[in-house]
Amino acid sequence: MVDGALRAVRADPDLHLLLVGPAEAAGALIDALDPAQRARVAVRPVRSVVRMADHPVAARSDSTVRAAVHAVRDGIADALVSAGSTGATVTAVALGLGRWPDVRRPALVATLPAVAGPVVLLDVGGSLEPRPATLTRHAVLGAAYAAVAHAVGTPRVGLLSVGTEAGKGDRARRLADPVLAAAPLPCGARYVGLVEGYDVSLGTRADVVVTDGFTGNVLLKAIEGAYAMAGGPPPGGGAPRAAALLGVAGTVVVCHGAARADDVASGIALAAHLWRRRAADQVRALLDGAGAGDPEESTDRTTDTEVPTS
């Protein structure tokens with residue numbers, strides 16, 4: 001984490017970092033920076049850590065992720081990057097920064113290289129709920145994100161399933177398909193219907209592919225493994241090891257738990273890019289323009305695995 005953070009400082013002369021964690025973990029590496037770079041790095045000592053096997057509610061304790069969220073909430077930092085437990089990070093952010101009123105399930109969105117251009121995939125692990133209303137709301141989020149973060153004009157939105165014919169897939173997909181076909185989407189986006197796994201890699205049918213967080217996370221890591229089996233990622237980059245969290249009041253990026261230093265640096269660069277573009281604010285404004293939240297989403301009180309609702 002520290003190595004990747006300091007790589008990001010060296011690469012971006014306008015970047016300032018607040019490292020939250022045990023001070024001794026950062027000391028030697030910070031000392032290796034030149035004085036000008038060292039002046040752009042601060043440390044907030046926190047020893048308690050939410051480990052990968054801990055329940056997400058552990059984020060309510062006085063932990064590193066909670067302290068980092070509070071730094072953003074208090075205006076000490078502009079954006080948050082974490083490579084720790086996804087569940088704990090999403091929970092801490094939802095409780096500390098708040099969710100947008102019409103988004104009950106925040107989504108992690110990743111951008112994958114494809115043959116025809118980048119494809120935005122969500123959710124990749126922010127929420128494991130495959131409810132039709134959640135899939136519909138995430139389609140709106142994904143279309144807005146593609147337009148704001150990647151300047152995609154009139155994004156094409158597809159729903160991931162096991163076939164492209166109407167009626168394919170599980171109950172959630174069968175119910176969500178007609179709802180998405182009638183839903184207003186921002187930025188002139190249009191729903192192209194059901195898409196399959198290879199459409200994520202080809203990018204010829206859809207610019208945005210919507211699925212539940214469980215399936216999206218498995219797919220993302222399967223693509224990553226396929227690159228490794230093929231001898232490495234394509235020249236344009238492989239499966240990203242950092243994803244933006246949409247639907248919360250702030251700029252938040254979650255890195256892969258297996259992220260290396262260069263992955264962490266890329267995650268920090270993504271967070272800086274999104275904050276400088278005011279991407280969260282723009283996506284939020286586009287969400288307002290697309291209409292009010294789905295009634296089922298508004299009244300749903302089921303607690304999912306990642307984001308406690310109480």
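Remember, it's a predicted structure, so these values are computed and weren't measured experimentally.
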Using the side-chain contact (heavy atoms from CB on, under 4.5 Å) rule, take Ser161 and Lys168 through it: C-alpha gap first, then chi angles, then the decisive distance, then the call. CA-CA 7 Å; Ser161 190; Lys168 289 282 188 177; 4.2 Å; yes
Working note: Leu15 + Arg40, criterion side-chain contact (heavy atoms from CB on, under 4.5 Å); need CA distance, chi angles, decisive distance, verdict. CA-CA 7 Å; Leu15 184 70; Arg40 295 189 281 120; 4.3 Å; yes
Is there a side-chain contact (heavy atoms from CB on, under 4.5 Å) between Glu224 and His256 once you walk through the steps? CA-CA 11 Å; Glu224 183 180 327; His256 194 317; 3.4 Å; yes
Do Arg260 and Asp263 pass the side-chain contact (heavy atoms from CB on, under 4.5 Å) test, and can you show the C-alpha distance, the side-chain angles, and the key distance before you say yes or no? CA-CA 5 Å; Arg260 298 182 297 267; Asp263 301 315; 3.6 Å; yes
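A distance-only check finds a donor-acceptor pair linking the side chain of Asp34 to the backbone of Ala36 [under 3.5 Å]. Side chain of Trp100 to backbone of Gly247: no donor-acceptor contact under 3.5 angstrom is found.
With sequence neighbours left out, the side chain to side chain contact (heavy atoms under 4.5 Å, CB included) criterion links Val69 to Leu80, Ala92, Val93, Leu97. Evaluation of the side chain to side chain contact (heavy atoms under 4.5 Å, CB included) rule for Asp78 yields Trp275 as partners, not counting sequence neighbours. Judged as a side chain to side chain donor-acceptor pair (under 3.5 Å), and not counting sequence neighbours, the contacts of Lys221 are Asn217. The side chain to side chain contact (heavy atoms under 4.5 Å, CB included) check on Ala189 picks up Ala143, Pro155, Val157, Leu185, with sequence neighbours excluded. Residues satisfying the side chain to side chain donor-acceptor pair (under 3.5 Å) test with Thr215, not counting sequence neighbours, are Asp212. Listed by chain and number, the residues in a side chain to side chain donor-acceptor pair (under 3.5 Å) with Asp12 are Arg276 (sequence neighbours excluded).
There is no path of hydrophobic side-chain contacts, each under 4.5 Å, that joins Leu194 to Leu202. In this structure, Val46 is not a member of the same hydrophobic cluster as Leu95, with clusters built from ILVMFWY side-chain heavy atoms closer than 4.5 Å. The hydrophobic cluster containing Leu17 also contains Val43, counting ILVMFWY residues as joined when their side-chain heavy atoms lie under 4.5 angstrom apart, directly or transitively.
Rounding to the nearest 0.5 Å places CZ of Arg66 at 12.5 Å from OG1 of Thr91. Atom CG of Leu175 is separated from atom CG of Leu135 by 10.0 Å, given to the nearest 0.5 angstrom. Within the model, atoms CG of Leu274 and CG of Asp281 stand 11.5 Å from one another, a figure rounded to the nearest 0.5 Å. Note that the CZ atom of Arg38 and the CG atom of Leu6 stand 11.0 Å from one another [nearest 0.5 Å]. In this structure, CG in Leu108 is found 11.5 Å from CG in Leu141, a value given to the nearest 0.5 Å. In this structure, OG on Ser127 lies 14.0 Å from CZ on Arg137, to the nearest 0.5 angstrom.
In this structure, Ala280 and Thr251 approach most closely via the heavy-atom pair CB-OG1, 4.4 Å. Listed here is the closest heavy atom pair of Ala259 and Val264: CB-CG2, 4.2 Å. Of all heavy-atom pairs spanning Arg7 and Ala265, the tightest one is CB-CB, 4.1 Å. Between Gly158 and Val192, the shortest heavy-atom contact is CA-CG2, 3.9 Å. When all heavy atoms are compared, the tightest approach of Ala110 to Leu220 is CB-CD1, 4.4 Å. Among all heavy-atom pairs drawn from Val200 and Ala114, the shortest one is O-CB, 3.6 Å.
In this structure the side chain of Gln37 reaches within 4.5 angstrom of the side chain of Arg10, judged on heavy atoms. Contact of the Val103 side chain with the Leu287 side chain is registered, since non-hydrogen atoms from C-beta on lie closer than 4.5 Å. Side-chain contact between Pro106 and Arg99 is present, with heavy atoms from C-beta onward closer than 4.5 Å. No side-chain heavy atom of Val115 sits under 4.5 Å from any side-chain heavy atom of Thr204. The shortest side-chain heavy-atom distance between Asp177 and Leu180 does not fall under the 4.5 Å cut-off. Side chains of Cys255 and Val81 form a contact here, defined as non-hydrogen atoms less than 4.5 Å apart. Between Val140 and Pro186 the shortest side-chain heavy-atom distance falls below 4.5 Å. Using a 4.5 Å heavy-atom cutoff, the side chains of His138 and Thr134 are in contact.
Among residues at least two apart or in separate chains, ring-ring contact (aromatic ring centres under 6.0 Å, His included) pairs with a member in residues 145-166 are Tyr145-His150. Within the structure, the salt bridge (Lys or Arg N to Asp or Glu O under 4.0 Å) test picks out the following pairs touching residues 140-157 (sequence neighbours left out): Arg156-Asp207. Residue pairs meeting the ring-ring contact (aromatic ring centres under 6.0 Å, His included) criterion with at least one member in residues 178-226: none, sequence neighbours excluded. Within the structure, salt bridge (Lys or Arg N to Asp or Glu O under 4.0 Å) pairs that include any residue of residues 143-153 do not occur (at least two apart or interchain).
One finds a salt bridge joining Arg284 and Asp102 here, because a Lys/Arg side-chain nitrogen approaches an Asp/Glu carboxylate oxygen to under 4.0 Å. The existence of a salt bridge linking Arg205 and Glu196 is excluded, since no basic side-chain nitrogen approaches an acidic carboxylate oxygen closer than 4.0 Å.
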Got a list of side-chain donor-acceptor pairs under 3.5 Å for residues 18-31, not counting sequence neighbours?
{"unit_1": "Glu24", "atom_1": "OE1", "unit_2": "Arg47", "atom_2": "NH1", "d": "3.3"}
{"unit_1": "Glu24", "atom_1": "OE2", "unit_2": "Arg47", "atom_2": "NH1", "d": "3.1"}
{"unit_1": "Glu24", "atom_1": "OE2", "unit_2": "Arg47", "atom_2": "NH2", "d": "2.8"}

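Other cluster members for Val152: none, since no ILVMFWY side-chain heavy atom sits under 4.5 Å from it.
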